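Since the structure is predicted, the reported quantities are computational estimates derived from the model, not experimental observations. Letters go in sequence order (proteins before strands), and every chain restarts at 1. Side-chain atoms are counted along with the backbone in the values below, which use heavy atoms only and exclude waters and symmetry mates.
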Number of protein chains: 2
Amino acid sequence: MELSSKSEYALLALLELGRGFGQGEPMQIRQIAAHQNIPDRYLEQLLATLRRAGIVRSQRGAKGGYLLARSPWQITLYDVVSCIEGFDSSKEPPATPQTSEGSVIAEVWQTARQAAEDVLQKQTLQDLVDKCKAKQQVDLMYYI
Amino acid sequence: MELSSKSEYALLALLELGRGFGQGEPMQIRQIAAHQNIPDRYLEQLLATLRRAGIVRSQRGAKGGYLLARSPWQITLYDVVSCIEGFDSSKEPPATPQTSEGSVIAEVWQTARQAAEDVLQKQTLQDLVDKCKAKQQVDLMYYI
DNA sequence: TATAACTCCGGTTCTCCGGTCGGGTTTGCA
DNA sequence: TGCAAACCCGACCGGAGAACCGGAGTTATA
């Protein structure tokens, strides 16, 4: 039930991209990695996955980098974690050849997971960006 | 997000114990393991954990075995997985010394997890047993 | 009281995967 | 043409989950 650092990194990176959304300027891996202190070599792989899932797009060559493929409010957190965690399409067909006990358990578990996924589905990247800005505002006010 | 075999085994075992609840007869590890085909040596450890968490109690010696410590309807599925997965009390205090971005993400994640836990909290072992019986009934009717 | 049937406890092994690197290839801008 | 980036691929490491085992402690029962 723990948030894997994989997903956290991805979210952090997208947050960065999301706030720079609008001006066509792509951001480099290095920038993002440094700003959120994520191992850049690792971030590279994550962004590759996000690109294959159509969440970000990349621009090669000098002055290249990454941009969001869609606007922040049409990217749900579920999109992100599901693609990064790899439980989207084509998975474990032999996952449910169980006994009646097993299937009942699987069923309940499925319900619980569904509940969590619903929460993630309702939150968009835009929401995150906003919350983040709000929080920074508050933090600033309380700063001595 | 996947149900660990650990938790699945535990649930399976408790299901077994739950259905035999009432008559004071304890069940042996071997029996449970054989009936649900779980590696018995492994099940032993899981039951030990459940015992320490006060979910089952054990009777040593000849004719010994395991029994539920409370009745099935006062054991929630959350009790089980949280104790087996080990995220009950005393865990990672340094889990949130993050940046403002990080804390926002953690917050949302927490909400999602909470939703899942609520589902588990509402389901008792008794519910599982009932569902299981119902399912077996249905399966029997459809049996050629 | 002896014995068999159990739980209990601790280590050990094996496997798998998240996370990490290094090196090399393409692409595009200046 | 040179440089700066994304891109690809494969190997490595450590730790956690999963499973195995030997032996010691406990108890009902004959």
Filtered N/O pairs between nucleotides 27-30 of chain D and protein, under 3.5 Å:
unit_1: D:dT27; atom_1: O2; unit_2: B:Ala62; atom_2: N; d: 3.2

Item to check | side-chain N/O B:Ser58 vs C:dC8 OP1/OP2, d < 4.0 Å | outcome: yes
Item to check | Interatomic distance, B:Leu46 CG vs C:dC8 P [rounded to whole Å] | outcome: 13 Å
Checklist entry - Among side-chain atoms of A:Ser5 and A:Glu8, is any donor-acceptor pair under 3.5 angstrom? => result no
Item to check | Length of the CE-C1' vector between B:Met27 and C:dT7, whole Å | outcome: 16 Å
Checklist entry - When the distance from CD of A:Glu25 to P of D:dA4 is rounded to whole Å, what number comes out? => result 18 Å
Checklist entry - Separation of B:Lys6 atom NZ from C:dT15 atom C1', in whole Å? => result 15 Å
Checklist entry - Which of residues 34-43 of chain A sit near DNA chain C, with a heavy atom under 4.0 Å from it? => result A:Pro39, A:Arg41, A:Tyr42
Checklist outcome for this item: A:Arg52 has its side chain closest, among D:dC8, D:dA19, D:dA6, to D:dC8
Checklist outcome for this item: Between CD of B:Glu8 and P of D:dG17 the distance, given in whole Å, is 17 Å
Next on the checklist: Any N or O donor-acceptor pair under 3.5 Å from the base of C:dC6 to the side chain of B:Glu44?
Outcome noted: no
Next on the checklist: Between B:Thr99 (side chain only) and B:Glu101 (backbone N and O only), is there a donor and an acceptor less than 3.5 Å apart?
Outcome noted: yes
Next on the checklist: Please report the distance, rounded to the nearest Å, between CD1 in B:Ile84 and P in D:dA18.
Outcome noted: 11 Å
Next on the checklist: With no hydrogens and no angle check, just 3.5 Å: does a side-chain donor-acceptor pair link B:Ser7 and B:Glu85?
Outcome noted: yes
Checklist entry - So, A:Thr76 versus A:Gln123: side-chain donor-acceptor pair below 3.5 Å or not? => result no
Checklist entry - Taking A:Asp127 for the side chain and A:Thr124 for the main chain, is one N or O donor matched with an acceptor at less than 3.5 Å? => result yes
Checklist entry - A:Asp118 pairs by side chain to side chain donor-acceptor pair (under 3.5 Å) with which of A:Lys122, A:Gln121, A:Gln114? => result A:Gln114
Checklist entry - To the nearest Å, how far apart are A:Arg57 CZ and C:dT27 C1'? => result 16 Å
Item to check | Any B:Arg51 side-chain nitrogen or oxygen under 4.0 Å from OP1 or OP2 of C:dT7 | outcome: no
Item to check | B:Gln23 atom CD, neighbour heavy-atom count above 12 within 6.0 Å | outcome: yes
Checklist entry - Under 4.0 angstrom, heavy atoms only, what part of the nucleic acid is A:Arg30 near: base, sugar-phosphate, or nothing? => result nothing
Next on the checklist: From the set D:dA6, C:dT20, C:dT7, return the single nucleotide nearest to any side-chain atom of A:Tyr9.
Outcome noted: C:dT20
Item to check | Same apolar cluster: B:Tyr66 and B:Val80, side chain cutoff 4.5 Å | outcome: yes
Checklist entry - How do A:Ser4 and B:Gly64 order along DNA chain C: which one's closest nucleotide is nearer the 5' end? => result B:Gly64
Next on the checklist: Using heavy-atom distances to pick each residue's nearest nucleotide on DNA chain D, tell me which of B:Gln45 and A:Ala48 is more 5'.
Outcome noted: A:Ala48
Next on the checklist: Please check if the number of heavy atoms outside A:Arg70 that lie under 6.0 Å from its CZ is greater than 12.
Outcome noted: yes
Next on the checklist: Once you apply a heavy-atom cut-off of 4.0 Å, does A:Leu47 come out as touching a base, just sugar-phosphate, or nothing?
Outcome noted: nothing
Next on the checklist: Are the side chains of A:Gln74 and A:Ser71 in contact, using a 4.5 Å heavy-atom criterion?
Outcome noted: yes
Next on the checklist: Just the rounded figure in Å: distance from P of D:dA6 to CD of A:Gln31.
Outcome noted: 9 Å
